[in-house]
Student: 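First the structure, which I've put down as structure tokens, then a few questions once you've had a look.
Sequence lines set the chain letters: A, B, ... in the order given, protein chains first and strands last, and positions in each chain run from 1. Since the model is a prediction, treat every value here as computed from it, not as a measurement.
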Protein chains: 2
Amino acid sequence: MICAIIKIMQKNQKITLADVAEAANVSPITVSRALRSPDKVSPKARDRIERAIAQLGYVPNPAARALASGRTDVIGVIIPSVSNNVFAEVMRGMYDALSGSGLTVQLATTGYSPLAEEHLIRVFLTQQPSGLILAGHDQSPAARDLLARANCPIVQVMEVGPKPIDVAVGLSHHDGAFLAARHLIERGYRAPAFLGAQMDPRSQRRLAGFRAAMREAGLAEVTQVVTTPEPSSVSMGCRLFADLIAHHPQIDAVLCNNDDLALGVLFEAQRRNLSIPDRLGICGFNDLEMMEAAQPPITSVQTDRYGMGQLAIAQIRDRLEGRGHPAGTSIDLGFALQIRDSTGGWRG
Amino acid sequence: MICAIIKIMQKNQKITLADVAEAANVSPITVSRALRSPDKVSPKARDRIERAIAQLGYVPNPAARALASGRTDVIGVIIPSVSNNVFAEVMRGMYDALSGSGLTVQLATTGYSPLAEEHLIRVFLTQQPSGLILAGHDQSPAARDLLARANCPIVQVMEVGPKPIDVAVGLSHHDGAFLAARHLIERGYRAPAFLGAQMDPRSQRRLAGFRAAMREAGLAEVTQVVTTPEPSSVSMGCRLFADLIAHHPQIDAVLCNNDDLALGVLFEAQRRNLSIPDRLGICGFNDLEMMEAAQPPITSVQTDRYGMGQLAIAQIRDRLEGRGHPAGTSIDLGFALQIRDSTGGWRG
DNA sequence: CTGTTAGCGCATTCAA
DNA sequence: TTGAATGCGCTAACAG
């Protein structure tokens with residue numbers, strides 16, 4: 001075996017499965033099997049093969065494997081944007097859940113364009129991925145059609161909806177915002193407003209939840225909503241709030257579409273010497289780590305983004321092993337309203 | 001052509017290059033060429049081919065392409081962590097610069113482990129990537145050896161260093177911190193401290209820059225440094241600062257390793273009613289968007305992370321076309337100290 | 001500018 | 001449990 005290895009190494013080329021087979025004195029297909037289902041190979045052969053692989057430094061060629069098998073070890077992930085920090089945690093959960101699986105994630109971004117999403121779905125699906133992870137439930141009809149025919153697990157993350165394509169992992173953004181708005185009202189705020197940027201479908205549902213709570217409280221008349229299609233940021237929170245308070249000074253609380261905006265509102269309110277929570281209540285969405293650390297700490301709707309990423313990958317891994325949840329399953333990770341000082345005041 | 005297309009569609013299978021060739025009445029290799037170098041195909045043939053591709057909805061099989069050509073259209077990107085938000089902007093720059101190139105990014109994370117990095121480099125390189133992007137200059141000797149032999153462009157991002165493997169795009173973290181520290185001293189602060197979390201190599205160099213400035217000002221004696229290997233966060237900034245001020249109440253300024261920590265210091269200082277910038281000066285690093293929006297706005301060292309990502313991809317694209325910078329080039333994107341209210345006080 | 005031949009490295013199918 | 005034959009879809013190298 002030593003001789004064989006030396007001879008092969010001297011070729012000074014890429015090490016292939018055939019080289020390993022030669023060094024281990026078995027046929028290539030046996031090496032292939034040893035790699036994919038080690039229990040179908042005799043322990044002796046397996047041992048020789050493993051040794052040869054280690055000594056030669058063999059690494060399988062995924063392209064050849066994909067071409068021959070008609071499958072790839074790639075999980076396609078299609079999200080709107082990498083710089084939206086709600087997705088960062090989701091991605092971290094995915095990467096962590098990937099470890100030791102031999103699977104890799106291929107990330108693509110739509111820039112919030114449904115057409116771009118449809119195109120990416122089409123491209124990914126023709127590449128026979130091991131699975132596909134999508135953000136949300138608002139794929140175009142054509143895309144849904146493609147996905148329905150796909151023969152790989154499809155996981156929709158971020159939110160749960162009425163009719164998942166396959167499996168969904170998320171939460172109800174409507175309900176989260178509804179509960180947050182109701183909390184503001186219960187705390188005695190009588191003129192809460194909604195602040196939103198980058199109004200994607202999930203943001204729209206948060207807004208709907210806010211409106212529902214306001215209607216329930218008989219406050220529909222005084223409801224103020226300020227939104228912009230531009231990306232969300234802390235500065236945008238400052239600007240939107242400045243705009244809001246200039247036109248509607250009677251506003252006494254703000255439900256923000258996300259935590260960046262909420263932090264911007266906090267800063268802008270401090271600049272204007274509006275006391276929090278007495279003159280102004282602030283509530284965010286997602287509960288980024290900094291909400292707890294802020295001065296004062298900011299009330300926010302906690303969501304388990306890391307868990308979503310992990311579960312999405314876990315579901316695909318389970319499916320590939322014949323287990324996992326059946327199509328049609330929605331996994332609602334829920335949310336938790338973290339009540340903090342920014343809405344802590346008693347308002348009679 | 002219409003007939004041919006109908007016949008092919010009826011196969012109801014994956015559309016291959018051969019199908020396109022049949023529909024367009026050319027040989028497969030001509031279609032292949034039309035895809036890769038359209039100018040080497042006659043306009044008439046190209047037109048027929050493009051039409052057939054559109055009508056059949058043909059999408060190339062990257063695995064087959066990779067296997068046949070020995071190259072992939074994948075750019076490997078190896079970074080420490082996806083949840084560290086300095087990398088989010090870099091990634092956004094990369095994805096933007098990718099558009100229309102047919103290249104894709106394959107992201108992998110090391111979890112700040114040099115061994116993991118070495119392993120990933122090994123795996124990526126055996127897959128004949130179009131390029132490789134690495135964070136920083138602290139690859140293991142074995143990894144540098146592998147990379148030196150690689151026959152694809154290698155771009156080191158985040159920082160510039162003495163001896164790039166191929167091309168480097170970044171800035172001097174030492175100099176950025178040096179300038180920031182000198183700024184604090186010039187403003188009259190007499191006992192600046194350094195706060196750091198997740199002390200990766202770049203953080204170490206920032207610390208070195210801080211120390212150098214302190215030495216230069218004859219303040220080496222009073223230099224206080226608080227660091228932790230744990231991940232950086234706003235809350236961590238609160239905690240580290242609380243720790244610092246408890247043991248060293250004479251501290252009058254803090255240079256933070258990054259902006260998350262700086263924001264935490266701001267919040268914690270506000271909780272303790274330390275007036276900023278009079279009692280305490282705060283300086284961050286990276287100049288995240290929120291630094292400008294904070295109340296008071298926080299001085300920070302602005303870095304062009306988006307540009308780094310863009311340039312890294314652009315360099316690889318250029319190289320693939322035979323252009324681009326030669327090996328050994330370092331592109332220093334520099335930094336800009338953004339002086340804001342958190343260090344704005346006059347201190348006599 | 002276009003086509004022919006051959007083969008990339010591996011997995012599937014069948015046979016032993 | 002192992003192996004032989006075959007082909008996945010595409011491109012390199014050459015020839016025309």
Student: Is there a salt bridge (charged side-chain N to carboxylate O under 4.0 Å, His left out) between B:Glu321 and B:Arg317 once you walk through the steps?
Tutor: CA-CA 7 Å; B:Glu321 296 171 6; B:Arg317 291 182 68 168; 5.4 Å; no
Student: With a 4.0 Å limit, can you tell me whether B:Thr30 has a side-chain N or O closer than that to the phosphate oxygens OP1/OP2 of C:dG3?
Tutor: yes
Student: Side chain of B:Ile29, heavy atoms from C-beta onward: which of C:dC10, C:dT12, D:dA13 has the nearest atom to it?
Tutor: D:dA13
Student: Check this one for me: any side-chain N or O of A:Ser27 less than 4.0 Å away from OP1 or OP2 of D:dG3?
Tutor: yes
Student: Using whole Å, report how far NZ of A:Lys40 lies from P of D:dG3.
Tutor: 16 Å
Student: Using the side-chain heavy atoms of B:Asn61, tell me which of these nucleotides is nearest: C:dC10, C:dG3, D:dC10.
Tutor: D:dC10
Student: By nearest nucleotide on DNA chain C, pick out whichever of B:Ser42 and B:Ser69 is the more 5' one.
Tutor: B:Ser42
Student: Can you confirm whether A:Arg144 is buried at CZ, in the sense that more than 12 heavy atoms of other residues, nucleotides or ligands lie under 6.0 Å from that atom?
Tutor: yes
Student: Under a 4.0 Å threshold between the charged nitrogen and the carboxylate oxygen, would B:Arg46 count as salt-bridged to B:Asp39?
Tutor: no
Student: Show your reasoning for whether side chain to side chain contact (heavy atoms under 4.5 Å, CB included) applies to B:Ile78 and B:Ile133.
Tutor: CA-CA 6 Å; B:Ile78 302 176; B:Ile133 297 177; over 6 Å; no
Student: What nucleic acid atoms does A:Ala45 come within less than 4.0 Å of, heavy atoms only: base, sugar-phosphate, or nothing?
Tutor: sugar-phosphate
Student: Below 4.0 angstrom, N of the basic side chain to O of the carboxylate: do A:Asp73 and A:Arg65 qualify?
Tutor: yes
Student: Is the shortest side-chain N/O distance from B:Ser32 to OP1 or OP2 of D:dT11 below 4.0 Å?
Tutor: yes
Student: From the list C:dT2, C:dG9, D:dG9, which nucleotide is the closest neighbour of the side chain of B:Ala64?
Tutor: D:dG9
Student: Measure from the side-chain heavy atoms of B:Leu67 and tell me the nearest of D:dG3, C:dC8, C:dT12.
Tutor: C:dC8
Student: Considering heavy-atom distances to DNA chain C, does A:Leu17 or B:Pro43 have its closest nucleotide positioned more toward the 5' end?
Tutor: B:Pro43
Student: How many whole angstroms separate atom CD of A:Gln127 from atom P of D:dC10?
Tutor: 11 Å
Student: Please determine if a side-chain N or O atom of B:Arg36 lies less than 4.0 Å away from the OP1 or OP2 oxygen of D:dA12.
Tutor: yes
Student: Across the strands shown, which category fits B:Pro60 at heavy-atom distances under 4.0 angstrom: base, sugar-phosphate, nothing?
Tutor: sugar-phosphate
